[in-house]
Structures are given as structure tokens and as C-alpha cells.
Amino acid sequence: MSATGIGAAVRRREDLRFITGRGHYTDDFSRPGQGHAHFIRSAHAHAKIVKVDASAAEGRPGVHVLTGADLAADKIGNLICGWMIHSKDGSPMKMAPHPALAKDKVCHVGDPVAVVIADSLAEARDAAEQVNVEYEVLPAVADPAQAKRTGAPQIHEVAPNNTIYEWHLGDKQKTDAAFASAKHVASLDLTNNRLVPNAIEPRAAIAEYDAGTDSFTLWNTTQNPHVARLVIAAFVGMAPEHKLRVIAPDVGGGFGSKIFIYPEEVVALWASRRVGRPVKWVAQRTEAFISDAHGRDHVTHAEMAFDENGKILGLRANTIANLGAYMSTVSSSVPTYLYATLLSGQYDVPTIYCEVDAVYTNTVPVDAYRGAGRPEATFVVERLVEIGARAMGIDPAELRRRNFIKSFPHQTPVIMTYDAGDYHASLKKALEAADYKNFAKRKRESARDGKLRGIGLSAYIEACGIAPSQAVGSLGCGVGLWESAEVRVNPTGSVEILTGTHSHGQGHETTFAQLVSERLGIPIDTISIVHGDTDKVQFGMGTYGSRSGAVGMSAVVKALDKVEAKAKKVAAHLLEAAEGDIEFKDGKFTVSGTDKSAAWGEVALNAYIAHRFAGQELEPGLKEGAFYDPTNFTFPAGCHVCEVEVDPSTGKTDIVGWTAVDDFGVVVNPMIVEGQVHGGIAQGVGQALLEHTVYNSDGQLVSGSFMDYTMPKADDFPPFQVDMTVTKCPSNPLGIKGCGEAGAIAAPAAVINAITHAIGSEDLAMPATPQAVWAALQKVNAKAAA
Amino acid sequence: MRPVGITVNGSRREVDVEPRELLVYVLRERLGLTGTNVGCDTTTCGACTVLVDGRSVKSCTVLAVQADGREVTTIEGISSNGDLHPLQQAFHEQHALQCGYCTPGMIMAALGLIQEGGRLSEEEVRSGLEGNMCRCTGYHNIVKAIGAGARAMAGGGTTQQAAE
Amino acid sequence: MYSFTYHRPTTVRQAVSLLAKNDEAKLLAGGHSLIPVMKLRLARPSAIIDLSRVEGLSGVELKGRSIVIGAMTRHGEVANSSVVQQAMPALASVPNSIGDPQVRNVGTVGGSIANNDPNADYPAACLGLGATIITNKRRIPADEFFQGLFETALEPDEIITKVQFPIAKKAAYQKFKHPASGFALVGVFVSKRGPDIRVAVTGAGANGVFRVTAFEEALKKRFAAKSLEGLTVPPDGMGSDIHAGAEYRAHLVGVLARRALAAANA
């Protein structure tokens, strides 16, 4: 392993600009003559728009007000959801129109109705107060279970009973039969709580229209600039794809919430042409709470059947998924193919049946958020295993061992073919690191301090990469999920890698360069990574689903293969040898069996000066591109152990220990991978303990700011113990599985398993706030007293 | 409009501001110091932390007119002669940042803590970060970096040595 | 935020005259309660009178059996004051639990008290110690000063200049933080100064800071946690929100009062 190659903890090259305050986030850009946009948003969850009167505001100097009617008049198309799901009866999902500015009715608090553009944001906000929007308020529904009931307010005409689809997966008959023969059934009713992603950089857009070339430039906080351009061109119809440049500069975290194509960037583009000046919009945080797509929000009943030895016989689950007021970009896939396909967990489960009803409600749209479907699946599986173990009196670790999948490839009953893993290894290592066997002693010590101690496991699995394209296409995805790369070797031998992935914290400028440094044997300083600009980079699919390493770097490998092959041809001419005799190692081309050699830079230069070969025989230059489509999803897996102390007087939970042992396949940079695990755990703990998105029955978001919505802070955590096991991923050339989402997937079940263990009750919803834990304890005490 | 004079990173800057203008926007938009970020509108996230007269302050909740005559230090002003400040170095070495958006505020808050509290226990660092949110790192490496940075500031050694 | 005119007086007299001259004027101390609501356009003062350059409003001093704190003294200065830490560490713990270091570097005792946020910490200390709020016009006992949610006895042209905290031999503050905002979900300040026993609660009450007379009575027999065993406050009158219902808040009042007593006696 070289100091900068694969496996080295190379310090990040992108850090310098961030630690010195010289990053360039969208809000750091300004365009000459720009106007500032402020959106007028509905304060009602559900209402007809009777009238928008902007005359007073438009009388102010430099102020423009644009409405949904203006947008419709200009024939700007609707936003779309790009993943088709069919119901059990074969009917397609019911996608309601989603205009970027509401014209006839609003469907959630925060739904944009009009935009005000002025010389400053303060002036835009002042003017917005003079815009009078008259509403006829309609009854609203925020609760997904309520939304399906007869008599619930109807949100969209196309979707009777607010139902988007009624989907299922697996074999119902076989599963019911397994339950009929079961010795023991564990069952669980749960709400997978709705989360607000809250990347610390709020979303932003700057749109500029160039009348001279009739083209647009959009600076945007996006995880996938090409996909944004495609949707805005092909569906919204703003401009042809080649007349729209999307730049995703430094982006301050995404976690899924910056995958989607939102109304604000569409409106900014359109408005920049209408008002003839660049338009800048930056979300306020309280605005982000009511306009960024939220995550999770399932109501689920699930059961797991066991035989007398604790062997799992089957699993069935019934889930209502809240997709909010409109279908966001990929929302339909999250509670279906990203959820039910993982319900086998790490276990050999003979049969599974899952039904999912997706509904509209008068809430902010819900879409993929770190883990997207897989945290929800893991929570179901890992809670049921734990509940089953406790009820049967089997050690939860032992019950897991009895049911682990032991040979690969393994076909689950829910589509997935797991290709490689060693679940025993990660469990064993995690239990040792967490000192599982001495837990009872620690519990006694806690009891002496009046505290309740618990330990919880979560042996999770996820499917990452979200490819091959044929596979996702057969499941309804509207695009292919391959990735692209281009390797440009300069005449001096330095290298530019253009990747279709996007880095918003993941450290691609370092890890991608590590791959190239190792492969070409050249110093890492001579490699640069280019991403996030549709004018520079070839079409690519972006970053989400822990895919950048497994799919994006594999595309780089494929392009590097082509570069090496071409460079060998050049070297053969240079060294006057047969192409087949050229070997390439450590940045040097040699002729086998001789001492003749040429350095990387020499070959690169000769590729461009082209003096040593005839241009008719060999094309000058050294630049290759590749599109890579893997052969399977990847399957990262591992075991997390959470240990808690609960103060029974207040219900407050302290996490006192956290052990994570993950199998991400080949690790390019362990420092960065550990960082991803840390962050994922924090978000998962946030879901389990802190983060609570509360809508009241009128559809008002009660937890709509950082003063009400509890974000994880430094003192919510102990130091994390993070370790790894490795089984190589067989479906990509690097053996990478992906690591971005693991922590968020594993953590919620580990936390809730630990708290329920501590308090001796399974009846505990997320987030397990002090009040919730205290209330659960009150019930335990009442039961004991009865 | 009202004229104010603020010493920013050692240089006296004079600008005419509306009284309702916040310090953070004057720094970002009038003075071009975009290193100081804005992450919320409730004085919670700490991304906008700067030092005012040596103390950490959330610049989103200070009017520029309040800063008149004060000394303000931003993330752009803590390295000298091209050398990183020990805390910047520690954040880099300990991988205490991912997306980087909270980082300037995190470093400035940490600087305030260290200047006031000197050597800090891990627990003191964690509770001292009450006013700063990070969504990427789980705080693990930030806490390590602040410890290492504090030791380097006290001892003058490298942060690498200090971390060990 | 909305536009306003800005004034920066250098004397209390100037500040008072500006208050009188401007309808809808607001005093700006640290600004960490006022500016956030102005940013959200929930407050619309016509004029802001910045007290930061008014002479003589800042500082901590020991005066007889009291600690006297200037209204413009920052939370951090009080928390770190050696005078306070030596004479009555319980009082130092109150500002030290407010917000976060950045907020403590700016927020002031006078601003906090004048705002009388129902979840603020200082009102519990004032009421729990029987402090006197000193203004440009008069001295107001804490028992009369706090008058419900964001309401105080202050008159429109009245400015807090100092707060006088009598030193109690035994005192402690226990706070259960609101998980999101860091304010007091419930905070209990207990003190014993001769025969004067006080239990003041912030955060919990639907109508702001209050004293728990039942607890105070029980503590007159013995100033110890044991005296409160089995005692609770009724959930009626407690605040209720998504983080804590009335019953839970009432329960926490008891828990924190007992913890405060244990700490006061430690």
C-alpha cells in the first residue's frame, strides 16, 4: 500500500479551502445585477386560492411578483416523480400535478404560491407582505393512516382515498402458511418517525438567463446536477438540455434532500428570464423545514414467525407510507423497492410478504433521506428479532447467529441476491469490542446509581449502488443508474478525472485521487477531480445510495483501463518494442526482459506531440471516457451495539457506549469511511432519540425550527468505537460496497433495542424522548403494581 | 444609513449600513468574507460564529451597528503568513469536517472556548459545542480535533503530536 | 426584519428620554431574545435603543450580604465572576446553564429578566432568592416583578439598572433542558436564607415563573430532599407542548426540587 493509494488514511485535499473559509457554496456566489427572491408560501395546509393581489407590492420600485397563474401562462411544466410503481391490481401510481407555484390550490403549509423579486432580500420580504393572497380554507389531513379512511379530505382528484398505490411484494399464501405453523410469533406496531434532513447548508439557487445565447446557468445545491438539468429540460420544459448549464459548487451536506428537483430552482430559472436579471434564492432555515423533502414517515404492523428453536419461518409487514402533498423526485421507490427488498435482513427467511400503501397527506413531500427505505426495513427486522429473542428467552445475539445467512450467493424471497458477506464475523467482533459478556456487571453498577442500563444490537444489511440499470429499470426506475467517468491526461502527465458523481462532504477529491495515484503510480498532487458542472463533466447520475465508490470509482477504473491500453501503444512506439511486451507498473512503462523504460510523463507527452507514431495508425492524445454499470447491487452489512443508561426519574437516556463493526468491502480511505460511519450513527441516533417532526391535526408543522426540532449535538454522544471486517464485493472491480448510509440504517434499532432492554418494555415509539421513556416506565410500574 | 467602523481581521473597515443589517451579512456581502456561513434563523446552529473583541458570538444575531468600534475576527483572519492556525491544522489532521459548511463557525467557537477555558476535558468540549451543529461528522472527530488543537496551542507542538 | 431607527445613548437619562420620545421603541441589551424575534418579523419596534454604551450598567460587586449585578453584565461574566463563585456558586450556575457559550458571551441579566420568557433561567434565580430588581425609578421585589408570560412590573419608561441578589447560605439550581432550544423545560431554584425558604420554578408553569408554597412549607421543618418525598405539584397550571406534557412537567418539578435540595445541602 502506498502512502496515497487505496487503503491509506490520506488527509483530505479539499479541507484547505473549508478550514480557511474559502469554500464556494452557492450562497457565496453573486451575479451582477441580481435580484433576490422571496417565496410567498401557504400558511394553510389545504386551501383553494381565490385571488392573488400583488398590485401594491408591484408598485414598489424594482419589485416583481410572479404567481402560479403566470407560470401556467408561460407553459412551465410540472415537477415529476421518476419511478413508476404499479399497484397490486396492475394500475399505475396516481401522480398528481405538481406545479412549481400553486395556481388553484395549496396542499401543504409551505406550498409556494408566488415569488417576489427585489433588489434585496429585505425589500423582497417587505414587498411580500403587501401581496394579498385570499384563500378558501379546506379541511386537511396530516396523518397517513387517517388519509386513507373514507371521509378524509381529498387532496388530489387523481387519487381517490388519497391513495397513490397499493403495492405488495412476496408470497402471501406461503407466508401465511408459515405463520400458521409457527411456534412463536413476535409482533410490532410502529411509527417510523418523520425526519427533517437539515443539511447545515440550506438549499439555494442562483439562476441567470443569457438573452444573447438564449441559455441558462443555474448554480444549485444539488447532489446530481445532470439529473436536475435533465428533469428541468425534459419535463419542466424550461430550456433544451444543451441550453441549460447546472453548476453544483461546494454543497454543504445533502443526505438525500438535495437529490430532488424542487420548485424553487425552477421558479428562479423562469423568473430570471421573465424579469431579465439573475435571480438568487437562499432558503431560511424555518423555510427549509416546510420546503425540503422530509424522510421516513411509515406506520407499520409487522410480525415474525419462529419455530421452537428460534429459527425464523417467515415475516410479514403492512406499511402505510406518507409521501406528503406531492410525489417528490424518487419518493415512490423509497417505501417499496428500497424498503421491502431488505426485509430479509441478514437472515435466512424462507418467506416474506409485505404490503405498502402510499398516501398523500397535507404535509411537506417525503422522499429519500440517508438510508431511504433501508433504515425502515432494518428497524422492522431488528426490532422483531430482538422482541422474539426476549419473548423466547434466547440471547438476542444467539438468535441472530442461528438465523444468519451462511453461504453466498443467497437469494432472498424479496428480489435481492446477496453476493458476499460474513455476518458471524461482524457480530463476533462487535460483541467483543462492546464487552457484551460483562454487560450484567455493568448493569448492576448502574443500578447502584439508580440508573437502568440496557444493551441493544442491530445487525443490518443494505443494498447500495442502486444499480444495475436493467434491474432498476425493470422495477420502474425512469433512468439508468450507471455512472460515468472521463480521464484526461495532460501533456505534462498530470491527470484530470471528471466524474458524474458529486461530493458534498464525502471527500471524492481525495478518494478518487487515491485510486488514480495507485493505479497510475503518480503523485496524488498531480491529479485533480472535477465534478458538479454540466458544462465540464459528461452526463452522470450523481451521488446518493452510497454509490460513488462502488459505481462512480468503478467507472474511473474502466476509463483508466482504456487510458493504460492507449498509453501502452504510445510507449511501444517510444520504446521501439511490441505493444504486447510493454508492462506498466508504478508509473513506469518497461519492455519485458529488457532494461528499457519510459516514465508516465514521457509517454503522456509523446501521446500529444505525436512525433513517434503516425497519426493514421494511432490517434494522438490521451483521454478516455467510460460508462460503468455494475452487475448487482452491493450489500454492505454489519453489527452495531448500543449501550444506554436511563434515568428513571426523568426518562432521560444517555448513550454510554457505541460499537460499530461494518463490512464495506474494500476500503479506499479508512479515515473517511470512519467519518461516514460516525455521521450516519449520529443521524440514526437523532431519529431514535431526538428528532420529532410533529404535524397537528390541521396540518401545521409544530416542530418547524431548531427551537422545536431537536438536532443531535456533541454532548448527545459518547466517543464511537468503529471497526471493520472485509468481504470483497464481487460485483465491481474494486470490491467496494459503500459506506455512506450504514450508520443511519443500523442505529435506530440498536438504540431502541437498548432502551427497551433497559426499561423492560417493548412499548416505546421513536423518538424515545425523556418524556416518552418516562411514560413507558410509568406503564411498566403500573403493570408491576397491578 | 449609518456609518460604522469595524476592525475586521486587523483592518479597520468603514461601511454605511441600514440599522437592520446583521453583522454576518455585512461580513459576507459588503466585505466579501464569505467564510462565515448562515445555517439557521433562530440563533441555534452556530455556523456564523465569529469573535467579537475576542469572544465567540453568533454574527447572525448581532446588528452591524452593534459591532461599531469593535474588533471582529473571522475564519479568514486566524491563519498568519500562510501558516494554518493550530486549530485549522487539527481539524484537517483529525478529519473533523466533511461538507465544511459548519466548519468555520465550529473552529471559531472552539477558539473562543480554548481562549477562555484553556485545557478542556472531552466533556467540556462536548458541552462547549452546545451552540454549534454539525450534520456530517457525528462530532467525534471535531471533539478530537479541538482537544488536539488546544494542546498544540498550549504547547506549541504539532497537532499530530498533540493528538497522540 | 423590519426597518427601525437606531439610537445609542450613553446615559440612562438619555435612554429614558428616547424611550419616552419613541412609541414602540425597544431597549436592546444583548439582543439575543429581541433580535431573533425581529428576524422572524414577529416583532416590529419602530426604534431600537442600544444600551451597550451606557456607562455604569455592567459589573458584579459584593455589597453587604448581597451580590449586585449590573443589568448589562453578560451571562458569561456572571458565571465566571470570582465574586459570585465564592459568595454563592448556585447563582453562577444559573447563567452558566443559559444557551451556549456564544449566547452567554452576549446575553445580559437585565435583558433576560426584562423579557421574562417563561422558560428563561434568571427569573427562577430572582424569585428563588428574593432578589430586588433596581430600575432608574425604584426597587422592585422579584415577587412583584414577574407577572406572567413575558409580562413584568416595568413601566414603559423604566430601565433595569441592577439586580440585587441576597446571599443565601444554601442554594442550588437544577435545570432540565428543553432538548431542542436548551431553555429550561423545567428549572427549579431553591434557597434558604435564615427563615426565608424559597422554591421557584421556571419552564413548567403555563403562566411563567412561580413559587411552590407547598414545597416551601414542607421545607420549613427540614431543608432537605426528604421533606419533599411524595409531594408533587398539580399538573393543572403546567405548560404543555410536544416535548413535555403538563403531567411530565409537574413530575419534573418534584424531581428537580429534590435534586436541588440535595445539591444545596452538599
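Computed from a predicted structure; not experimentally measured.
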Between B:V38, B:T44, B:I78, which residue shows the highest count of heavy-atom pairs closer than 4.5 Å to chain A?
B:T44

Please rank B:L33, B:L84, B:T36 by heavy-atom pairs under 4.5 Å with chain A and give me the top one.
B:L84

Has B:Q98 got a side-chain atom pairing as donor or acceptor with A:G507's backbone, closer than 3.5 angstrom?
no

For the pair A:R285 (side chain) and B:G39 (backbone), establish whether a donor and an acceptor sit closer than 3.5 Å, ignoring hydrogens and angles.
yes

Heavy-atom distances under 4.5 Å only: say whether B:E18 touches chain A with side chain, backbone, both or neither.
neither

Can you find a heavy atom in the side chain of B:L97 that is under 4.5 Å from one in the side chain of A:R12?
yes

Hey, what do you get for SG (B:C136) to NE2 (A:H678), rounding to the nearest 0.5 Å?
13.5 Å

So do A:D27 and B:T34 actually touch side chain to side chain, heavy atoms under 4.5 Å?
no

So the ring pair (Phe, Tyr, Trp, His ring centres under 6.0 Å) pairs with at least one residue in residues 84-115 of chain B (sequence neighbours excluded) are A:Y25-B:Y101

Can you tell me how far the CE atom of A:M711 sits from the SG atom of B:C40, to the nearest 0.5 Å?
9.5 Å

Interface check, chain B: of A:S120, A:A199, A:G679, most non-hydrogen pairs under 4.5 Å belong to A:G679

Heavy-atom pairs under 4.5 Å with chain B - which of A:Q284, A:Q683, A:R22 has more of them than the others?
A:Q683

Steps toward side chain to side chain donor-acceptor pair (under 3.5 Å) verdict (B:D41, A:T286):
CA-CA 7 Å; B:D41 46 11; A:T286 42; 2.6 Å; yes

Can you tell me how far CZ of A:F717 sits from CZ of B:R126, rounded to the nearest 0.5 angstrom?
8.5 Å

Does any part of the side chain of B:Q88, heavy atoms only, come nearer than 4.5 Å to the side chain of A:T20, both counted from C-beta?
yes

Evaluate whether atom CD of B:E123 has more than 12 neighbouring non-hydrogen atoms of other residues, nucleotides or ligands under 6.0 angstrom away.
no

B:V125 portion near chain A, given a 4.5 angstrom heavy-atom threshold
neither

Mind checking whether B:R28 and A:D28 have side chains closer than 4.5 Å, heavy atoms only?
yes

Please tell me if the side chains of B:I107 and A:I19 come closer than 4.5 Å, counting only heavy atoms from C-beta onward.
yes

Counting only non-hydrogen atoms closer than 4.5 Å, does B:T42 touch chain A with its backbone (N, CA, C, O), its side chain (CB onward), both, or neither?
both

side-chain contact (heavy atoms from CB on, under 4.5 Å) assessment of A:K713 paired with B:L129:
CA-CA 8 Å; A:K713 302 250 184 89; B:L129 294 178; over 6 Å; no

Largest heavy-atom contact set with chain B, pairs under 4.5 Å, which of A:G253, A:P719, A:G252, A:G23
A:P719

Top contributor to chain B contacts, counting heavy-atom pairs under 4.5 Å, from A:I681, A:V282, A:N198
A:N198

Given A:F255 and B:R135, is the side-chain contact (heavy atoms from CB on, under 4.5 Å) satisfied, shown in steps?
CA-CA 9 Å; A:F255 317 110; B:R135 196 58 152 162; 3.4 Å; yes

Just give me the residue among A:S30, A:S705, A:A682, A:P202 that pairs up with chain B most often, heavy atom to heavy atom, under 4.5 Å.
A:P202

Heavy-atom pair count under 4.5 Å with chain B, highest-scoring of A:D250, A:V251, A:I672, A:V677
A:I672

Heavy-atom closest pair, residues A:F706 and B:C45
CE1-CB, 4.1 Å

Within a reach of under 6.0 Å around CZ of B:R55, are more than 12 heavy atoms found that belong to other residues, nucleotides or ligands?
no

Rounded distance (nearest 0.5 Å) linking atom CG of A:D715 with atom CD of B:E130:
5.0 Å

Measuring from atom SG of B:C102 to atom CD of A:E201, what distance do you get when rounded to the nearest 0.5 angstrom?
12.0 Å

Could you look at A:Q676 and say if it's the side chain, the backbone, both or neither that has a heavy atom under 4.5 Å from chain B?
both

